[in-house]
2 protein chains.
Amino acid sequence: MARRGRRPAGQGDTRESVLRAARELFAEVGFDRATIRAIAARAEVDPALVLHWFGTKDDLLAAALELPVDPSRILAGLDAESHLLGVEVARRVLLTFDASPEVRTRMAILLRTGLGHEHAAEALRDLIGRTVLTTLSDVARPDDRELRATLVSSQMVGLMLGRYVLQVPGLADAPVDQVVAAVGPVLQHYLRGDLRLPSAGTSRIRTAR
Amino acid sequence: MARRGRRPAGQGDTRESVLRAARELFAEVGFDRATIRAIAARAEVDPALVLHWFGTKDDLLAAALELPVDPSRILAGLDAESHLLGVEVARRVLLTFDASPEVRTRMAILLRTGLGHEHAAEALRDLIGRTVLTTLSDVARPDDRELRATLVSSQMVGLMLGRYVLQVPGLADAPVDQVVAAVGPVLQHYLRGDLRLPSAGTSRIRTAR
DNA sequence: ACGCGAAGTCAACGGTTGTTGAATTCGGCG
DNA sequence: CGCCGAATTCAACAACCGTTGACTTCGCGT
């Protein structure tokens, strides 16, 4: 089996199936343990072919790291004045992840590899920092914009880590609505609320009307 | 230099210095890239000695994973009725981490290795789930206790990931007080607030009076 | 029909890794 | 003082890794 030379036509794009196998393995076991040989085996292909398509293992990671969805597309058309802004953000993000295994896989790659490999650490830093900052900057309050964006990111990343990657019991099996209800007001607070120290005055976070 | 045989007495516990070197490297580069040889080199010791003390590399990781501080000790004596409960929790945790590089290192190990190595993933799941649950169960509202605890954990883990491990710009350089002021009300909400969907009624999160 | 380049495979290389067993040196106990 | 066991080192092994270069086979344009 697996004779030499070019394969007879008919089956799908080989390059794509290699990339899919790579994404799966990166998500499952991280960068170092996802060996090129294992990726090739899952794609039913020779190890050399992987590097023939992607050059080097780092390049393969870079190719696997692209975000599956444009964050600004998910969060388009938000009403900055609504007191349900935070809830709406939470709902959209949670629904996107709950609906698509593909999206969850990419996030798992980002988290698994972004904590050892500098190449991916930069991507993760970007997601938490710049990306969310730009997509939320026109609905967030103008003061402390950077802090607000990173706080939103930190809560969402922590949530995804627990719910989708680690699958912590109480969090992974909770219904979407419940999580949205709990987290929504928090995002509302981070986006539009008063971030100053409570002891210096009175501040309230309105979760709804 | 580095002659054979037992070392002349005088210098400190070798086993301990190996463990320290291992913790540093696990925190810096994760499990796979922290080679036994590199750990031995940092501890100025032969690689074989590392395994002589700890048996196997997995055992070494297990030894390095122990929590540096008892969470229940940090969170002892909280006033469940105070509307500053969340702020107090945030302050204590943040101060603990900001003050001690040792604590930050252990958390970095947990996050870096807990996302590839199943051995550590369990420890991380435990921290997010059971540990925080038990230490907060007597100040959290009795309903949805598990969800409340995991939500608190997810926020704090996300925060530590961004602030201490990834060192995201807007978050890593913010003063403690500001972060406490922003996150405190959120923890208050998770611990004591109404987690039901806002559209089903009115709910407010009092951050302070 | 035919050849050129792309797609795919094979076998091998040099390097690194975790782990092991024998050899060596020293502290401490009798 | 002499010796036993613990502490430390050395050298080596087998496995595995990423990467490379030569080779083969097919699709397609002319």
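Reminder, nothing fancy here: chain letters follow the sequence lines and each chain counts from 1. What you see below is based on every heavy atom in this structure, not just the backbone, and it leaves out hydrogens, waters and symmetry mates.
Taking only side-chain atoms of A:Ile36, from C-beta outward, the nucleotide of C:dG21, D:dT19, C:dC10 with the closest atom is D:dT19. Side-chain proximity of A:Lys57 to D:dA12, D:dG18, D:dC10: nearest is D:dG18. The listed nucleotides are C:dT20, D:dC17, C:dT9; the one nearest the side chain of A:Val45 is C:dT9. The side chain of B:Leu51 sits closest to C:dT19 out of C:dT19, D:dT19, D:dT8. Nearest nucleotide to the side chain of B:Arg37, out of D:dT8, D:dA12, C:dC10: D:dA12.
Taking side-chain N and O atoms only, A:Thr56 has a distance below 4.0 Å to OP1 or OP2 of D:dT19. Phosphate contact (OP1/OP2 of D:dG18, side-chain N/O of A:Thr35, threshold under 4.0 Å): present. At the phosphate of D:dT8, OP1 or OP2 sits under 4.0 Å from a side-chain N or O atom of B:Trp53.
Look at CG on B:Asp46: it is 15 Å from P on C:dT19, rounded to the nearest Å. With rounding to whole Å, B:Asp59 atom CG is found 14 Å from C:dG18 atom P. For A:Glu16 and C:dA7, the CD to C1' distance is 16 Å, given to the nearest whole Å. Rounded to whole angstrom, the span from the CZ atom of B:Phe54 across to the P atom of C:dT20 amounts to 16 Å. Rounded to whole Å, the distance from CG on A:Leu60 to C1' on D:dC17 is 15 Å. A straight line from CG of A:Leu49 to P of D:dT20 spans 15 Å, rounded to a whole angstrom. Protein atom CZ of A:Arg33 is 14 Å distant from nucleotide atom P of C:dT17, rounded to whole Å. Rounded to whole Å, atom P of D:dG27 lies 15 Å from atom CG of A:Asp13.
Among the candidates B:Met156, B:Met160, B:Glu102, the single residue satisfying the side chain to side chain contact (heavy atoms under 4.5 Å, CB included) test with B:Met107 is B:Met160.
By the neighbour-count criterion of 12 heavy atoms within 6.0 Å, atom CD of A:Glu122 is densely surrounded, having more than that number from other residues, nucleotides or ligands.
Residues A:Asp32 and A:Lys57 fail the side-chain proximity criterion, which asks for heavy atoms closer than 4.5 Å.
The aromatic rings of B:Phe31 and B:His117 lie tilted to each other, with the angle between the two planes from 30° to 60°.
Shortest non-hydrogen contact noted between A:Leu85 and A:Gln188 is N-OE1, 3.1 Å.
Each of A:Ala48 and A:His52 has a nearest nucleotide on DNA chain C; the 5'-most of these lies closest to A:His52.
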